[in-house]
S.K.: 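Quick one: the structure is below, and I'll ask about it shortly.
Note that the structure is predicted; figures quoted are calculated from it, not measured. Start at 1 and go down the list; that is how both ligands and their atoms are numbered.
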Amino acid sequence: MFQNRRTILLFICSIVFVQALYYIVTLQVKHNQTRLINFPSIISYEQGSDIEKIIVQDIKNVTYFNNTSISKESIRELKSSVDDLISINFTKPDPIIYNSLPICNFSISNNDSSIYKVTINKDINPFNIIEKHHGFDLHIGGHWFPKTCQTEQRLAIIVCYRNREPHLKLFLDNIHPFLKQQQLDYTIFIVNQHGYEQFNRAMLFNVGVIEALKLYSFNCFIFHDVDLLPEDLRNVYKCGEKPRHMSVAVDKFHYRLLYSTLFGGVTAFSVSDFMGANGYPTIYWGWGGEDDDMYLRVVKKLKKSITRYPVSIARYKMIRTLNHTSGKPNPDRYTILYSKYNYDHDGLNTTNYKLHNIVFNKLYILINVTLKEESFEQIRMRLNIKKRETKKPIRKKKV
Ligand SMILES: *[C@@H]1O[C@H](CO)[C@@H](O)[C@H](O)[C@H]1NC(C)=O
Ligand SMILES: *[C@@H]1O[C@H](CO)[C@@H](O)[C@H](O)[C@H]1NC(C)=O
Ligand SMILES: *[C@@H]1O[C@H](CO)[C@@H](O)[C@H](O)[C@H]1NC(C)=O
Ligand SMILES: *[C@@H]1O[C@H](CO)[C@@H](O)[C@H](O)[C@H]1NC(C)=O
Ligand SMILES: *[C@@H]1O[C@H](CO)[C@@H](O)[C@H](O)[C@H]1NC(C)=O
Ligand SMILES: *[C@@H]1O[C@H](CO)[C@@H](O)[C@H](O)[C@H]1NC(C)=O
Ligand SMILES: *[C@@H]1O[C@H](CO)[C@@H](O)[C@H](O)[C@H]1NC(C)=O
Ligand SMILES: *[C@@H]1O[C@H](CO)[C@@H](O)[C@H](O)[C@H]1NC(C)=O
Ligand SMILES: *[C@@H]1O[C@H](CO)[C@@H](O)[C@H](O)[C@H]1NC(C)=O
């Protein structure tokens, strides 16, 4: 009893405190517009909820893309933890100086592949050592841009994540030097799926895009598995006219493309292509299906083809020496995939999540969310997916 009352009291106090703090910060920002940028890390969102109360809009300097539902997210509740309140500047290049610089031109000038071969660091170092390696010239949040030239793109690397810290360490230790050498303006986002819901790789990518666009006008997104490390510098992390499948040749698969429509692992999308496809699907819980769905979105909704760098360049090492258990394969993935459901009815604008916190680490931005899981029945009802007729005969045969 006593415990309960204390908890409730604490809870009320912290809500009052957070609101007071929020009020003060808002006032301060209004007073001194360029000084403080406050992130909505104390706020939970639920997209598509009917409570319309947008309170973060004015306190952030944000480029929203007006043609999506991103600016329409509504806020449901304030979180009770003050620790999560982060005030920070997302460092942007000074436009006046930056515009006077020459355009960066990392280019491939030589056929000799040995020059571009990346030496992969396979030692799992603690975060503070990785920071010593690569953090000295990073802006907070794993953001870097060249100082001597201006980049044409602003790249967000979106990594889906759950409980794979050794892989994350290897990823960060290797990806930072790789991207710096390519002279890119890039930021690393790690989107963590908290909770016991089944893993939803594709929905985490959507979350990454939605949250990233609140910080900076990214115009190129690379969606990345945490266990893939690029092996060749000519595999340039840029977006082009078409969505690109990056992880063409993976060591685990003997550097061969498994099938021609493969679109998993690492993919690159310009912001307009991503919006045009209505983002990734949200309806694949557990392992498999979402990458093939995205391929179909590109072909059928966006009406484009995908592109790839040559097999000799788009090479990756898959980290598999560490304990890794894949999620449970989703038994319904083919039913959804081949159902011809309407891509307008699921994707970026049906991404439902609760944002716990955003943490600006030196090496990356952590976005920590819980996703709202739908059962297959709910998905079927919502998207009008029919049960597959082919299932019945197969079952009859087996019996
Ligand atoms: C917002 O960003 C733009 C360009 O990045 C800048 O010109 C403007 O002063 C900023 N406004 C605030 C309130 O920080
Ligand atoms: C988006 O809309 C807001 C107002 O709703 C406007 O101020 C802003 O300029 C628009 N941005 C673009 C890129 O059109
Ligand atoms: C929305 O997109 C359409 C086509 O892509 C474009 O013509 C229009 O200007 C955009 N509107 C805004 C407000 O950005
Ligand atoms: C925020 O940015 C402004 C201008 O770019 C700078 O003067 C200030 O020191 C920055 N604040 C922090 C906390 O980094
Ligand atoms: C870009 O490449 C051209 C020649 O290809 C070179 O003259 C120029 O210095 C390069 N710019 C930078 C910023 O490296
Ligand atoms: C690259 O290799 C091709 C043949 O494989 C050769 O014709 C070409 O001259 C080489 N280019 C350079 C820059 O070495
Ligand atoms: C792998 O898992 C086993 C048992 O769960 C554990 O003892 C071992 O330390 C793990 N290895 C690594 C590299 O995490
Ligand atoms: C999502 O966006 C598409 C356009 O890409 C639109 O046609 C559709 O109605 C939207 N769906 C929802 C549920 O808002
Ligand atoms: C994500 O948020 C939950 C709930 O606040 C918290 O328990 C968990 O530790 C967070 N995860 C990470 C990786 O920060």
S.K.: Heavy-atom contacts with Asn368 under 4.0 Å: which atoms of ligand 9 show up? List them by number with element.
M.R.: 1 (C), 2 (O), 3 (C), 8 (C), 10 (C), 11 (N), 12 (C), 14 (O)
S.K.: How does Val359 reach ligand 9, if at all, at less than 4.0 Å between non-hydrogen atoms: by side chain, backbone, both, or neither?
M.R.: neither
S.K.: Quick one: does NZ or CZ of Arg315 land under 6.0 Å from the six-membered ring centre of Tyr255, within 45 degrees of the ring axis?
M.R.: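 Positive - Arg315 is close enough to the ring of Tyr255 and near enough to its axis.
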S.K.: Tell me whether ligand 9 is touched by Leu366 - counting only heavy atoms on the residue side and a distance under 4.0 Å.
M.R.: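 A heavy atom of Leu366 does come that close to ligand 9.
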S.K.: Using a 6.0 Å cut-off, check whether atom CG of Asn163 has over 12 heavy atoms from anything other than its own residue.
M.R.: no
S.K.: Which heavy atom of Gln150 sits nearest a heavy atom of Leu101, and at what distance?
M.R.: NE2-O, 2.9 Å
S.K.: With a 4.5 Å cut-off on side-chain heavy atoms, are Leu371 and Asn352 touching?
M.R.: no
